[in-house]
Amino acid sequence: MRAVVFTLGCKVNEVESAAIMSELENRGWDVSEELSPADIYVLNTCAVTREAEKKSRQLIARVKKFNPDALIYVCGCASQKNAVQFENKDGVRYVCGANSKQRIVTAVCADFGGVECERLGYPKQVKTRAFIKIGDGCNNFCSYCVIPYLRGRVTSRSVEDIVNEVKACAAPEIVLTGINISAYDVDGGGLKGLIEALAFTDKRVRLGSIECNVIDDGLLDALGRLTDFAPQFHLSLQSGSDVVLRAMNRRYTRAQYLEKCGLIRKRFPDAAITTDIIAGFCGESDEDFEDSLSIIEEAGLARVHAFAFSPREGTAAFGMKDLPADVKSERLHRLIELGKAAEEKFIKARLGREYALITEEFNGGYTCGYTGNYIRVFVAGEHKGRINVRLKKIFRDGALAEIAD
């Protein structure tokens, strides 16, 4: 019997899908993450934007093209937000939300036989970069974000459980991920305590998205004591305007964000600071938007994930006056272009330098992978494992490199 577990949305969803895949494989299923013919489909949905929720609904029709008679099991944030939009679809066998995805495995076992699933185990890791979920939920309640209402309050896995997963993981790089890893806390140790507990590993350790308020000397020193820390900080921003940040219910100012960037660079001079910025939030003036543009250079950002504001029902921002679509589109385009220029500037400043590269794939005559500071690197020929490279020039969406002597 063949199952497809297909995922939309964030890295946390991907980790949870990988855990579902592992549980199904343990019960004898042939499992794939690619849309293809199968007997059952597990669809892990997303609701972070209206477009993501729409794509989640459309998945039903997409999978039925592969097998009109397949049974469909739905989970995730979109089904947590509105289960009815999936329950009434032909072929859908079972629907659950974002915080009880082990029920999917139990539902499949009820239909096809097998041992029930009380909790999801460690995810199936098949890539060179393994994502380790350290917690769930968020207490921030940013005015634009529906996720805290769907995922619930912050929960943190035990340090022991995370350490055991890292030890069991064969991937050479791990990424600590979660809905809000900055809020990770067990027995008062916080994220710093977890980092200190990972000092034993020789794997490359990378952080997922973090909030600037968690950056301090204690955390940075703990990161510096890791055997192989990847100096990339995805420091969530959302806007460079203090006015907009207050409207978003973000708990920092532009000056505080820049201060944290300076603190990072003092400890890790070669670090890449990447971020998210929303274009066209409610009430964003031309001056506010210019603040978002200018902070890209002022903070020395290495990469910008830009997207247009999408009002979500149930959030505080849903009742605010939305900007015209053409204004948001134009601002998004400008953010994207400036973000591309910032990334190119960051890479150009590092041409000629040598970096350790963990290879990920071989395609089109080039081996690809990422440096610790998240530069995508292409090396001619097929190479495997960890190699030392020297960056030569801008190439595709990263840099062309040669093997260093």
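What you see is a predicted model, and the numbers here were worked out from it, not measured in a lab.
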**Intermediate values then yes/no, side-chain contact (heavy atoms from CB on, under 4.5 Å), Ile264 and Leu235** = CA-CA 10 Å; Ile264 289 170; Leu235 207 60; 4.1 Å; yes
- Message: Using the rule given for side-chain hydrogen bond (donor to acceptor under 3.5 Å, both in side chains), can you reason through Gln238 versus Ser236, listing the C-alpha separation, both sets of side-chain angles and the distance that settles it, and then say yes or no?
- Response: CA-CA 6 Å; Gln238 310 306 350; Ser236 184; 3.0 Å; yes
Residue pair Leu223, Leu219: steps toward the side-chain contact (heavy atoms from CB on, under 4.5 Å) verdict: CA-CA 6 Å; Leu223 292 169; Leu219 176 64; 4.1 Å; yes
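Here the side chains of Cys142 and Met248 are not in contact, with every heavy-atom distance at 4.5 Å or above. Considering only heavy atoms from C-beta on, Ile347 comes within 4.5 Å of Leu351 through its side chain.
Counting non-hydrogen atoms of other residues, nucleotides and ligands closer than 6.0 Å to CD of Glu87 gives a total above 12. Within 6.0 Å of CD in Glu354 there are more than 12 heavy atoms belonging to other residues, nucleotides or ligands. The neighbour count for Asp90 CG, taken as heavy atoms of other residues, nucleotides or ligands under 6.0 Å away, does not exceed 12. Residue Glu116 places its CD atom among 12 or fewer non-hydrogen atoms of other residues, nucleotides or ligands, all under 6.0 Å distant. Under a cut-off of 6.0 angstrom, the local environment of NZ in Lys64 is crowded, with over 12 non-hydrogen atoms contributed by other residues, nucleotides or ligands.
Note that CD of Glu284 and OG of Ser239 are 6.0 Å apart. Values are rounded to the nearest 0.5 Å. Atoms CG and CG, from Asp286 and Leu293 in turn, are 10.5 Å apart once rounded to the nearest 0.5 Å. Distance CZ/Phe86 to OG/Ser56: 5.0 Å, rounded to 0.5 Å. With rounding to the nearest 0.5 angstrom, the CD1 atom of Ile134 is 11.0 Å from the CD atom of Glu165. To the nearest 0.5 Å, atom CG of residue Leu8 and atom CG of residue Leu43 are 8.0 Å apart. Rounding to the nearest 0.5 angstrom, the gap separating the CD atom in Glu33 from the OG1 atom in Thr7 is 7.0 Å.
Tyr184 places a side-chain N or O within donor-acceptor distance of the main-chain N or O of Arg157, the cut-off being under 3.5 Å. A donor-acceptor pair under 3.5 Å links the side-chain atoms of Arg251 to the main chain of Asn140, judged by distance alone. Side-chain atoms of Arg62 do not come within 3.5 Å of backbone N or O of Gln58 as any donor-acceptor pair. Counting only distance, with no hydrogens or angles, the side chain of Asn67 and the backbone of Ala38 share a donor-acceptor pair below 3.5 Å. Judged purely by atom type and a 3.5 angstrom limit, Lys203 uses its side chain to pair as donor or acceptor with the backbone of Cys169. The main-chain N or O of Gly189 is never found under 3.5 Å from a side-chain atom of Asp187 such that the two would form a donor-acceptor pair. The closest donor-acceptor contact from the side chain of Asn388 to the backbone of Ala404 lies at 3.5 Å or more, if one exists at all. Put simply, the side chain of Ser79 never gets that close to the backbone of Val95: no donor and acceptor are under 3.5 Å apart. Lys328 places no side-chain N or O within donor-acceptor distance of the main-chain N or O of Gly280, the cut-off being under 3.5 Å.
Salt bridge Arg151/Asp136: present, at least one basic N to carboxylate O contact under 4.0 Å. With respect to Glu16 and Lys133, a salt bridge is recorded, a charged nitrogen being found less than 4.0 Å from a carboxylate O. Asp270 and Arg353 are joined by a salt bridge, as a carboxylate oxygen and a charged side-chain nitrogen come within less than 4.0 angstrom of each other. A salt bridge does not link Glu343 with Lys348: none of the charged nitrogens is closer than 4.0 Å to a carboxylate oxygen. Using a 4.0 Å cut-off between a side-chain N of Lys or Arg and a carboxylate O of Asp or Glu, Lys11 and Glu14 qualify as a salt bridge. Using a cut-off of 4.0 Å between Lys/Arg side-chain N and Asp/Glu carboxylate O, Glu173 and Arg206 are scored as salt-bridged. We find that Glu53 and Arg312 are joined by a salt bridge, their nearest charged nitrogen and carboxylate oxygen being less than 4.0 Å apart. Salt bridge status for Arg246 with Asp288: absent, with no side-chain N to carboxylate O gap under 4.0 Å. Ion pairing between Glu344 and Lys340 fails under the 4.0 Å rule for side-chain N and carboxylate O. A salt bridge links Arg376 with Glu361; the closest basic N to acidic carboxylate O contact falls under 4.0 Å.
Both tests do not hold together for Arg103 against Tyr94: distance to the six-membered ring centre under 6.0 Å, angle to the ring axis within 45°. The cationic group of Arg350 lies under 6.0 Å from the six-membered ring centre of Phe346 and within 45° of the ring axis, placing it in a cation-pi geometry. Taking the centre and axis of the six-membered ring of Phe200, the NZ or CZ atom of Lys167 falls inside the cone set by 45° and 6.0 Å.
Side chains of Tyr257 and Asp242: a donor-acceptor N/O pair is absent below 3.5 angstrom, by distance only. Judged by distance alone, the side chains of Asp202 and Thr227 never bring a donor and an acceptor atom under 3.5 Å apart. Looking at Ser36 and Arg2, their side chains do bring a donor and an acceptor atom within 3.5 Å of each other. Tyr73 and Asp111 are linked by a side-chain donor-acceptor pair at a separation below 3.5 angstrom, with hydrogens and angles left out of the test. Side-chain contact, Asn26 with Lys124: no donor N or O sits under 3.5 Å from an acceptor N or O. Side chain to side chain, Thr274 and His234 meet the donor-acceptor criterion of an N or O pair below 3.5 Å. Defined by atom type and a distance below 3.5 Å, a donor-acceptor pair is present between the side-chain atoms of Gln85 and Arg57. A side-chain donor from one of Ser294 and Arg254 sits under 3.5 Å from a side-chain acceptor of the other.
Ring geometry, Phe268 versus Phe233: the interplanar angle falls from 30° to 60°, so the pair is classed tilted. Relative orientation of the Phe112 and Trp29 rings is perpendicular, given thresholds of 30° and 60° on the angle between their planes. Using the six-membered ring where Trp is involved, Tyr149 and Phe141 have ring planes that are perpendicular, over 60° apart on the 30 and 60° scheme. Phe395 and Tyr366 have tilted rings, their planes meeting at an angle from 30° to 60° on a 0 to 90° scale.
By the side-chain contact (heavy atoms from CB on, under 4.5 Å) test, Ala279 is found to be paired with Arg331, Leu332, Leu335, residues two or more places apart in sequence or in another chain being considered.
Here the closest heavy-atom approach between residue Gly240 and residue Asp291 is recorded as O-CB, 3.5 Å.
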